[in-house]
Amino acid sequence: MCGIIGCFKKEGCYDTLLTLLHRLEYRGYDSAGIAVLSSGRKTLTVRKRKGGVSGIEGRRIAGETGIGHTRWATHGAPSDRNAHPHVCGKFALVHNGIIENYLSLKEELVRGGAEVASDTDSEVIVRLIEKVYTGDFFAAVAAACKRLQGSYAIAVLCKDAPGEIVCAKYKSPLVAGASDDALYVCSDIPALCGEAEYICTANDGEFIRIKDSKIVFCDEDGAEISKVFERVSPVLRAEKPQQGSFMEQEIREIPRALAETYVGLKGLDFAVCARELRQTKRLFAVACGTAYHAALAFKDAVERDSKIPVLCHTASEFRYRKPLVCQGDVVVAVSQSGETADTLEAVRLAKNCGAYVIAVTNIEHSSITGLADFSIVMRAGPEIAVAATKSYNCQLLCLYYLAAQLYFYKNAQMPAYYSQLCLLPEAARAAFDTFIPMRILAEKCKSARGMYFLGRDRDVRTAAEGALKVKEIAYVFAEGYAAGELKHGTIALIEEGFPVIMIATNSALTGKCENALEEVRARGAYTVLFTQDEGAMSKSCADFKCLLPSVCEELMPVISVIPLQYFACRMCIERGYDPDKPRNLAKSVTVE
Ligand code: M6R
């Protein structure tokens, strides 16, 4: 959730800290802070404040070594005092994660005379470090970490050790980076792109030490661990749009993202997992949020074509359910970031049970790809907006492609839709024609207190995704529902003007969808129909109709969601909010 950085740069780290913090702001924007250590005067300067990164910009702070933080509050409301870095004695610390035993540690520290200055769990770490410090900076951090339960990626400065940053990682992401003139640590690979040329991710239990102008990975005793740095792909870098939001820009990038993902898929050797795909009698799919909707679409495709069950779980539930996963099962983990804590834990669990894990992520060196047996890395490019858009379309493409491979290894031929996958980028571009109608629809619906998104069969997934988008950025209560379920309860909420949005892309079911629209319309609902079927469109009773571009029906979810993504973005703007910074949310959910 929070973003952390550390930087050592002989010419001064201040500008780089702020550049990186701006890039990390999508991880949390409750508050921001930096600490800079200058070797000459051994001064430690801290600037932190509630609000965005721009709130801490100001006079340049001199110093080579620095750490920084963008916060997504877990313990303690957003405020200046809860902002990181937390300082105790000679130390300053930034933390991403959750310290689960912080209350007992806090009690112990208070009993020992500590005056706690914040409501955070993070502060106890820096106080523990200070307490055990006897002159060996690294040893103090390592000793403090032994007392922690939960998850953490920390970066620490010590006044006695100019030029040094000590970092530790356990269950929260941390990556080291190097360029000609600077060394970095960061919670986020994409943020480092364009700054670091080489990167190397830390594993749980590892420490990173920036010292004497070098980066060293070590264990808790300080023994060096040999690691390989890899060149980082510049493609991961995102530029802020000249105007408009990242979200709108990312929706407009969908055709390109699909085209590049398709090229990547074509170059991927699925024969590596042929044995597992051929032999498996069932699959699991684990994911959260938007990625979970993509996983459900995968289930639909595999069960329909390959006739193999796919057990789909939200990753947060999978962990605690004691799922019946075992050797011989294939588990597909879907995650844009590759860092979502729940999905990562689900992957660990699946691996421990002997399953074969296939990851579908957008980030090549992410924690999930590091654990998976086989990774499908989509090429959506960096997705900065908290609301996932282009990554969802690319997840669907990757998952349909994987479903086709599975079908191939079972049936020695590709499913019919396989040859149509290459048409998706063009169809996505054609879906931009719906944007003007979506602006009008958003204007009409902007004052709605709630809305339904309905569909049947595969369109239920699209409905759920449309509803999630509207909830998370426009703050309108929305439900994505199977149209057939209306009469079993939810129709009770229909009243005059209540928007009901029907996605009807399965021609065998458009009649039934139309019936549902008639029923809610008769009760005063404002009805909206999305379909690629011109005949159904002309016959429909809907108050507002939107014609979708046509691709083969199996692939329609990749396309039919585009107007809904744009609609949500416009709803958000119409209601006066920033699509890129939805309240209470962060892009990468790296805590449980
Ligand atoms: O990075 P991931 O795909 O694992 O993230 C999963 C969810 O947190 C994410 O899809 C979330 O639901 C989005 N904000 C939805 O727009």
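Quick note: residue numbers are just sequence positions, from 1. Each ligand, and each atom within it, is numbered from 1 in the order the structure gives.
- Ring to ring, F270 and Y401 are close: their centroids are under 6.0 angstrom apart.
- Looking only at heavy atoms of the protein, atom 6 (C) of ligand 1 is closest to C288 O, 3.3 Å.
- Within the listing of ligand 1, atoms 1 (O), 2 (P), 4 (O) sit less than 4.0 angstrom from a heavy atom of S337.
- Of the protein's heavy atoms, Q336 N, 2.7 Å lies nearest to atom 3 (O) of ligand 1.
- Scanning all protein heavy atoms for the shortest distance to atom 5 (O) of ligand 1 gives T340 OG1, 3.4 Å.
- Using a 4.0 angstrom heavy-atom cutoff, E339 does not count as in contact with ligand 1.
- Scanning the protein heavy atoms around atom 16 (O) of ligand 1, the nearest turns out to be E472 OE2, 2.3 Å.
- Below 30°, between 30° and 60°, or above 60°: for F284 and H313 the angle between ring planes is below 30°, a parallel geometry.
- Within a 6.0 Å radius of NZ in K351, other residues, nucleotides and ligands contribute more than 12 heavy atoms.
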For this session: Check the pair Y356 / F374 against ring pair (Phe, Tyr, Trp, His ring centres under 6.0 Å), numbers first and verdict last.
Result: CA-CA 8 Å; Y356 184 85; F374 180 70; 7.4 Å; no
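- Inclusion of V386 in the set of residues having an N or O under 3.5 Å from an N or O of ligand 1 is warranted.
- With respect to atom 8 (O) of ligand 1, the closest heavy atom belonging to the protein is V589 CG2, 3.9 Å.
- On a distance-only criterion, A387 and ligand 1 share no N/O pair closer than 3.5 Å.
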